[in-house]
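Keep in mind the model is a prediction, meaning the values are calculated, not measured. Order of the sequence lines sets the chain letters (A, B, ...), proteins ahead of strands, with each chain counted from 1. Both backbone and side-chain heavy atoms feed into the values below; hydrogens, waters and symmetry mates do not.
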Amino acid sequence: MSDVKIMVCHGTSGLSAGASEVYKKFEEELDRQGLLDSCELIKTGDRGYFRDVLVDIIHPDTGRVTYQNIKPKIVPELVERHVKNGEIVKKYSAKKAYQDFFAGQKRIVLRRCGEIDPENIEFYLKDGGYKALERVLTQMRPEEVIEEIKKSGLRGRGGAGFPTGIKWELCRAQKAQPKYVICNADEGDPGAFMDRSVLEGDPHAVLEGMAIAGYAIGSNEGYIYCRAEYPLAIKRLKIAISQAKERGFIGEDILGTDFSFDIKLTEGAGAFVCGEETALIASIEGKRGMPRPRPPYPAQKGLWGKPTIINNVETLANVPTIILKGGEWYASIGTEKSKGTKVFALAGKVRNTGLVEVPLGTTIRELLYGPGGGPAKKMRKIKAIQIGGPSGGCIPENLFDTPIDFDSLVGAGAIMGSGGLIVLDDSTCMVDLARFFLSFTSDESCGKCFPCRLGLKKMLEILNKIVSGNGELKDVEYLENLAKSVMDTALCGLGKTAPNPVLTTLKYFRDEYEAHILEKRCPANQCVALLKFEIDEEKCTKCGSCFKACPENAIIWEKGEYAKIIKEKCIKCKACIEACDFMAIE
Amino acid sequence: MIEVVSEILENYKDSGSLIKILQEIQNNLGYVPKEAVDEVSMKTGISPSQIYGILTFYSQFRLTPPGKYTLKVCLGTACHIMGGHEIFEHLKRKFGIMDNETTEDGLFTLTKVRCLGCCGMAPVIMVDDKIYGRIDISKTERLIDDFK
Ligand SMILES: Cc1cc2nc3c(=O)[nH]c(=O)nc-3n(C[C@H](O)[C@H](O)[C@H](O)COP(=O)(O)O)c2cc1C
Ligand code: SF4
Ligand code: SF4
Ligand code: SF4
Ligand code: FES
Ligand code: FES
């Protein structure tokens, strides 16, 4: 036996499930058996499957086998049977859910995530890394680079979907110098983690994309603005930048040409509005991150008043592949107006959560029941998705055949957004969800303009009133009017889009609002003020889950008996409601 | 403490680095004390009110010292619908403190965050730099006992 490769995934979820301990155990065990020299043991980044520790063993006799839920104590058996004897240990191999999750995907941006060691540039280079930069610098004029990107049809992945090639062209046409390239890694949508995984799993792709962008527009300086909440991404970016500098892919006279490009890293400081491009620029300049009116666009007057392009992480990570494989190839994927693939962060009440990359034009249903694997719990029904975060909206089940692309989603009242996709089932209260987003956006409003600062607060007050059981019918109409006026008059995208979650839930789930107002009832059993904390014996299956979940011992239950809540002891924490699979607690 | 601040100021002399200076101070001291603000103001010529403007605008900054452990409860979208809010409320009640406050024994500082980027494991809490996913109220209780 020789040349066995062992990959232990070290993404955030893998690490929290004990990936480092598993890795260490492999090291020990291989050493003990004298196998260290004939095996390659690799720490990979996140593959985007949020479960447990994944280990892949690639053996000449078996090919590649993925193992799931690996604990240190299983390691000796894997080493003995698979690494040494080339035998697949079936009982630990990845389950069908894992296969389904990846089968429905087309990974372009994510293709290296989980496959390479992101802290070692050799892996990136072995996989064609920095070849696109080399081609651009030695064989293409900047105009040709822009032409190729335009041909690909790539549109910005940060939310607005602006054609990337056109943005670059506008900036190239500006005479002022110097120019800047900014990578927007603020990932503010509170339910999204696409960019984090790309930065953690394949940081060089982003750096290479930035350098190519710099060459195309005529800039020698780039900034990455990264959320401070992503310490691992920041660490890996730092490593990647220094390794790329050492190898001469970033810095002076790159690859012996006269093109120089430097990249600096700036950490955000926890303000959602700083994801907006003009606010982000103010923040890099060291000011309070407040948006300013556009035009002038950053492409004309951006960082320090100079022409600047701002692109999202995923947008930039697509660039090297487009250069290598050609704009036409990229444009052959996707739909008429939405080309290529998009990464979604699938979360919420769905069986498989994680990162899913699919061609644009895939329907919501295909995504949820393919990679997503359907509802999280058998007893529950998926009733809607929320897409596009606080700027987006919900789409109900009867519209799940809508293709996911920039235009179709707008038609349904939502937006594609940056890729947050949260699945909601019958135990999610849509009024509460709208209230959640409003509390987020009103918290994060920078306060510069009056409709957003006061309008959102007022809308939140009304929603609070409804979920606490004090709503009146006229509130709904008031809410709609307020929403429209905030949208029309707010200065930046935060305020302009913040009413979307309210408007779409009102459009598709007005009955839930009415149940709260007219019947003082929360159909999803979520709004505390409207709950009785009683067990409906018609629904109770006597399973005892609630009894085990209650932190206050406020539930009486014995095998074969209905559960019962002692009201005097109950602190209304809702742990039992979360635990009950049968929605038996009202 | 003033030495630490002076040293940081030495390292960040170029314009536009006020946020970085304040981040460095917080990294070193765990918060940004009033004395540090005065020192930064004196050395850079930026008025204290401008500095406080920055400190209060960005939610990352703390003006009071943190406890021994910082407990961050995620209240992003996924965590919200998977029950994160209930965990946060429970901890507030249990500790008898509000968001961004520290327990009387100085052990825990409780804060909420908007998405830790592991929504697939919702609900999620973070103790210092370690992430715990798919938790519920009783698991949280056990976790806290381990830190005591
Ligand atoms: C309130 C607000 C928050 C935003 N947050 C982000 C973000 O976190 N990441 C991002 O890439 N774009 C964000 N954007 C969009 C940016 O302003 C900008 O359009 C984008 O970075 C451009 O890159 P792209 O063309 O590659 O998509 C946000 C916009 C608004 C209005
Ligand atoms: S819309 Fe809101 S976030 Fe945007 S500038 Fe106005 S107040 Fe600030
Ligand atoms: S709400 Fe909380 S305290 Fe009350 S019965 Fe349920 S789990 Fe127990
Ligand atoms: S968890 Fe639900 S079904 Fe099970 S005993 Fe409790 S109330 Fe009944
Ligand atoms: S950490 Fe292993 S797939 Fe995410
Ligand atoms: S919503 Fe909690 S980790 Fe993303």
A.B. asks: Could you have a look at B/Lys72, B/Arg93, B/Gln50, B/Lys130 and say which one has the most heavy-atom pairs with chain A under 4.5 angstrom?
C.D. replies: B/Arg93
A.B. asks: Starting at CD1 of A/Ile571, measure out to CD1 of B/Ile137 and round the result to the nearest 0.5 Å.
C.D. replies: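 It is 7.0 Å, given to the nearest 0.5 Å.
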A.B. asks: Name the member of B/Arg114, B/Lys139, B/Gln26 that forms the most heavy-atom pairs with chain A at distances under 4.5 Å.
C.D. replies: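 Looking at each of B/Arg114, B/Lys139, B/Gln26 in turn, B/Arg114 comes out on top.
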A.B. asks: Which value, rounded to the nearest 0.5 Å, describes the distance between A/Lys548 atom NZ and B/Asp136 atom CG?
C.D. replies: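 Those atoms lie 12.5 Å apart.
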A.B. asks: Name the region of B/Lys94, side chain, backbone, both or neither, that has any atom closer than 4.5 Å to a heavy atom of chain A.
C.D. replies: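 Contact with chain A: none, neither part.
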A.B. asks: What's the separation between atom CD in A/Glu229 and atom CD in B/Gln60, rounded to the nearest 0.5 Å?
C.D. replies: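 One finds 7.0 Å between CD of A/Glu229 and CD of B/Gln60.
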A.B. asks: At their closest point, which heavy atom of B/Ile54 faces which heavy atom of A/Lys287, and how far apart are they?
C.D. replies: CD1-C, 3.6 Å
A.B. asks: Heavy-atom count around B/Asp129 CG within 6.0 Å, excluding the residue itself: above 12?
C.D. replies: no
A.B. asks: Checking heavy atoms, do the side chain of B/Ala78, its backbone, both or neither come under 4.5 Å from chain A?
C.D. replies: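 It is both, since atoms from each part get that close.
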A.B. asks: Which bit of B/Gln23 comes within less than 4.5 Å of chain A, counting heavy atoms only: side chain, backbone, both or neither?
C.D. replies: side chain
A.B. asks: At what distance, to the nearest 0.5 angstrom, does NE2 of B/His90 lie from CD of A/Glu552?
C.D. replies: 6.0 Å
A.B. asks: Contact part of A/Cys274 toward chain B, heavy-atom cut-off under 4.5 Å: side chain, backbone, both or neither?
C.D. replies: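 Contact with chain B involves the side chain of A/Cys274 alone.
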A.B. asks: Identify which of A/Ala549, A/Ala17, A/Gly289 forms the greatest number of heavy-atom pairs closer than 4.5 Å to chain B.
C.D. replies: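 Among the listed options, the one with the most contacts to chain B is A/Gly289.
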A.B. asks: Which atom pair, heavy atoms only, marks the closest approach of B/Gly83 to A/Glu578?
C.D. replies: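 It is CA-OE2, 3.8 Å.
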A.B. asks: Given that the side chain runs from C-beta out, which part of A/Phe272 has a heavy atom under 4.5 Å from chain B: side chain, backbone, both or neither?
C.D. replies: neither
A.B. asks: Which bit of B/Ile131 is near chain A, if near means a heavy-atom gap under 4.5 Å: side chain, backbone, both or neither?
C.D. replies: both
A.B. asks: Can you name the nearest heavy-atom pair linking B/Ile81 to A/Val423, along with the distance?
C.D. replies: CD1-O, 3.5 Å
A.B. asks: Testing the basics here: between A/Phe436 and B/Gly76, what is the closest heavy-atom pair and its distance to 0.1 Å?
C.D. replies: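 Of all heavy-atom pairs spanning A/Phe436 and B/Gly76, the closest is CZ-C, 3.5 Å.
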A.B. asks: Kindly indicate whether the side chain of B/Leu116, heavy atoms from C-beta on, has any atom under 4.5 Å from the side chain of A/Phe193.
C.D. replies: no
A.B. asks: Taking atom NZ as the centre, does B/Lys92 end up with more than 12 heavy-atom neighbours from other residues, nucleotides or ligands that are less than 6.0 angstrom away?
C.D. replies: yes
A.B. asks: Side chains of A/Asp432 and B/His80: closer than 4.5 Å at any heavy-atom pair?
C.D. replies: yes
A.B. asks: Out of curiosity, B/Tyr58 OH to A/Ser283 OG, how far, rounded to the nearest 0.5 Å?
C.D. replies: 3.0 Å
A.B. asks: Name the member of A/Ala579, A/Ala192, A/Pro231 that forms the most heavy-atom pairs with chain B at distances under 4.5 Å.
C.D. replies: A/Ala192
A.B. asks: Do B/Glu89 and A/Lys574 come within less than 4.5 Å of each other through their side chains, counting heavy atoms only?
C.D. replies: no
A.B. asks: For atom NZ of A/Lys377, decide whether the heavy atoms of other residues, nucleotides or ligands shown that lie under 6.0 angstrom number more than 12.
C.D. replies: yes
A.B. asks: Of all heavy-atom pairs between A/Gly191 and B/Cys119, which one has the smallest distance, and what is that distance?
C.D. replies: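 Minimum heavy-atom contact is C-SG, 3.5 Å.
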A.B. asks: A/Arg196 and B/Cys118: which non-hydrogen atoms are nearest, and at how many Å?
C.D. replies: NH1-N, 3.7 Å
A.B. asks: What residue, out of B/Cys79, B/Cys74, B/Gly53, has the most heavy-atom pairs lying under 4.5 Å from chain A?
C.D. replies: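 Maximum pair count with chain A is reached by B/Gly53.
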A.B. asks: Measuring from B/Glu86:CD to A/Gln526:CD, what's the distance to the nearest 0.5 Å?
C.D. replies: 6.5 Å
A.B. asks: Got a donor-acceptor contact below 3.5 angstrom from the B/Ser59 side chain to the A/Ala271 backbone?
C.D. replies: no
A.B. asks: Examine whether an atom of A/Glu187 lies under 4.5 Å from a heavy atom of chain B, and if so say whether it belongs to the side chain, the backbone or both; otherwise answer neither.
C.D. replies: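 Nothing of A/Glu187, per the 4.5 Å heavy-atom cut-off to chain B.
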A.B. asks: Under a 4.5 Å cutoff for heavy-atom pairs, which residue among B/Met126, B/His85, B/Met82, B/Arg134 has the most contacts with chain A?
C.D. replies: B/Arg134
